[in-house]
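Quick note on labels: first sequence line is chain A, next is B, and so on, each numbered from 1.
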Number of protein chains: 2
Amino acid sequence: MSTDQLSVTFAALADPTRRAILAHLAQGEASVTELAQPFAMSLPAISKHLKVLERAGLVTRSREAQWRPCRLAAEPLKDVDHWLTQYRQFWEQSLDRLDDYLQELQAEEKKKGRKHKT
Amino acid sequence: MSTDQLSVTFAALADPTRRAILAHLAQGEASVTELAQPFAMSLPAISKHLKVLERAGLVTRSREAQWRPCRLAAEPLKDVDHWLTQYRQFWEQSLDRLDDYLQELQAEEKKKGRKHKT
DNA sequence: CAGTTAATTAACTATTAGGTTAAACGTACT
DNA sequence: AGTACGTTTAACCTAATAGTTAATTAACTG
């Protein structure tokens with residue numbers, strides 16, 4: 001795996017379990033066992049997923065007695081969002097083209113309408 | 001690797017070579033050799049990267065004589081953008097909090113101001 | 001038809017990812 | 001001190017990634 005920040009972030013996001021964990025954390029802090037609960041997967045597996053998320057900077061952890069509560073950290077997602085901006089025109093553009101097309105259709109309809117009226 | 005669309009897309013993006021290829025294609029259509037040119041990497045390696053991008057739906061290809069020109073397809077990026085929306089509040093929120101803080105400071109300033117006036 | 005150019009496929013190698021079970025660690029409870 | 005709870009580490013397995021070189025396919029060119 002590449003080690004640049006964006007690659008590490010994308011790699012971390014390329015797993016449904018990890019994305020589900022992030023979604024859970026979006027609701028607020030949670031312990032490892034809590035996070036593991038929805039999955040048919042051993043605790044060490046979840047622990048590894050968390051480590052991946054942590055290395056990507058998407059999760060931070062504190063210590064509280066024997067628990068290691070996890071929190072969402074959104075900065076890398078912000079970076080992804082920023083990276084996306086250079087491509088946004090490509091789907092907005094096609095919407096614009098669809099818009100153009102629809103407007104053209106409407107214009108056509110108007111013409112026909114006029115024709116029918118005359 | 002997981003086979004759901006989003007995982008496949010993120011995995012495809014988790015490589016700097018592939019992201020550079022996308023950036024190149026954002027400038028317009030290009031052949032495999034053209035795309036390979038900036039990299040110190042064999043052609044088959046690029047071919048494989050292109051296949052990954054193609055499977056993720058990020059690139060489409062046509063045939064033109066012995067060339068197989070590649071084009072950017074942005075739909076999966078749109079999906080990523082959409083997925084991100086559920087997290088946008090997390091970095092906008094912190095800006096809001098900064099906003100709140102600044103407003104509080106201002107309010108404080110006003111109070112002081114009033115005090116001085118009275 | 002022979003040769004050249006563009007790209008892919010095949011076969012191989014090394015590394016990493018994602019999972020397992022079993023053992024160890026750290027803290028709290030009695 | 002001993003036990004229970006929450007979590008991580010160790011050791012291992014399998015499959016997938018990312019790269020290589022060599023051979024192959026496909027289309028144009030003289």
Residue-phosphate contact under 4.0 Å: [X] side-chain N/O, [N] OP1/OP2:
{"X": "S31(A)", "N": "dG6(D)", "result": "no"}
{"X": "R61(B)", "N": "dA6(C)", "result": "no"}
{"X": "R68(B)", "N": "dA27(D)", "result": "no"}
{"X": "H49(A)", "N": "dG19(C)", "result": "yes"}
{"X": "R63(B)", "N": "dA27(D)", "result": "yes"}

Exercise for the section: Answer yes or no: is there a donor N or O on one side and an acceptor on the other, between the side chain of Q86(B) and the main chain of W83(B), under 3.5 Å? Expected result: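 Such a contact is found between Q86(B) side chain and W83(B) backbone.
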
Practice task
Without swapping roles, check the side chain of Q5(B) against the backbone of A56(B) for a donor-acceptor pair under 3.5 Å.
Solution key: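 Answer holds: yes.
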
Between atom [atom1] in [X] and atom [atom2] in [N], what is the gap in whole Å?
{"X": "D15(B)", "N": "dG19(D)", "atom1": "CG", "atom2": "C1'", "value": "11 Å"}
{"X": "E29(B)", "N": "dA6(C)", "atom1": "CD", "atom2": "C1'", "value": "15 Å"}
{"X": "M41(A)", "N": "dA17(C)", "atom1": "CE", "atom2": "P", "value": "16 Å"}
{"X": "I46(A)", "N": "dA17(C)", "atom1": "CD1", "atom2": "P", "value": "17 Å"}
{"X": "K48(B)", "N": "dA6(C)", "atom1": "NZ", "atom2": "C1'", "value": "18 Å"}
{"X": "L43(B)", "N": "dT25(D)", "atom1": "CG", "atom2": "C1'", "value": "14 Å"}
{"X": "F10(B)", "N": "dA17(C)", "atom1": "CZ", "atom2": "C1'", "value": "18 Å"}
{"X": "Q37(B)", "N": "dA6(C)", "atom1": "CD", "atom2": "P", "value": "13 Å"}

With a 4.5 Å heavy-atom cut-off, do [X] and [Y] have their side chains touching?
{"X": "L22(B)", "Y": "V59(B)", "answer": "yes"}
{"X": "L58(B)", "Y": "R18(B)", "answer": "no"}
{"X": "D81(B)", "Y": "Y87(A)", "answer": "no"}

Please pick, from [options], the nucleotide with the shortest atom-to-atom distance to any side-chain atom of [X].
{"X": "V32(B)", "options": "dT20(D), dT27(C), dT8(C)", "answer": "dT8(C)"}
{"X": "S47(B)", "options": "dT9(C), dA22(C), dT20(D)", "answer": "dT9(C)"}
{"X": "A65(B)", "options": "dT17(D), dA27(D), dT20(D)", "answer": "dA27(D)"}
{"X": "A45(A)", "options": "dA27(D), dA22(D), dT20(C)", "answer": "dT20(C)"}
{"X": "P44(A)", "options": "dA18(D), dT9(C), dT21(C)", "answer": "dT21(C)"}
{"X": "Q66(B)", "options": "dT9(C), dA6(C), dA17(C)", "answer": "dA6(C)"}
{"X": "M1(A)", "options": "dA17(C), dG19(C), dT27(C)", "answer": "dA17(C)"}
{"X": "W67(A)", "options": "dT8(C), dG6(D), dT20(D)", "answer": "dG6(D)"}

Practice task
Please check if any side-chain donor atom of S62(B) sits under 3.5 Å from a side-chain acceptor atom of R71(B), or the reverse.
Solution key: no

Practice task
Describe the nucleic acid contact of T17(A) in one word from base, sugar-phosphate, nothing, applying a heavy-atom distance below 4.0 Å.
Solution key: nothing

Problem - Comparing A11(A) and P69(B) on DNA chain C - which has the more 5′ nearest nucleotide - result: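 Final value for this comparison: P69(B).
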
Handout entry: Contact nearer the 5' end of DNA chain C, comparing A40(A) with E34(B)
Key =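 Taking each residue's closest nucleotide, the earlier one in sequence belongs to E34(B).
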
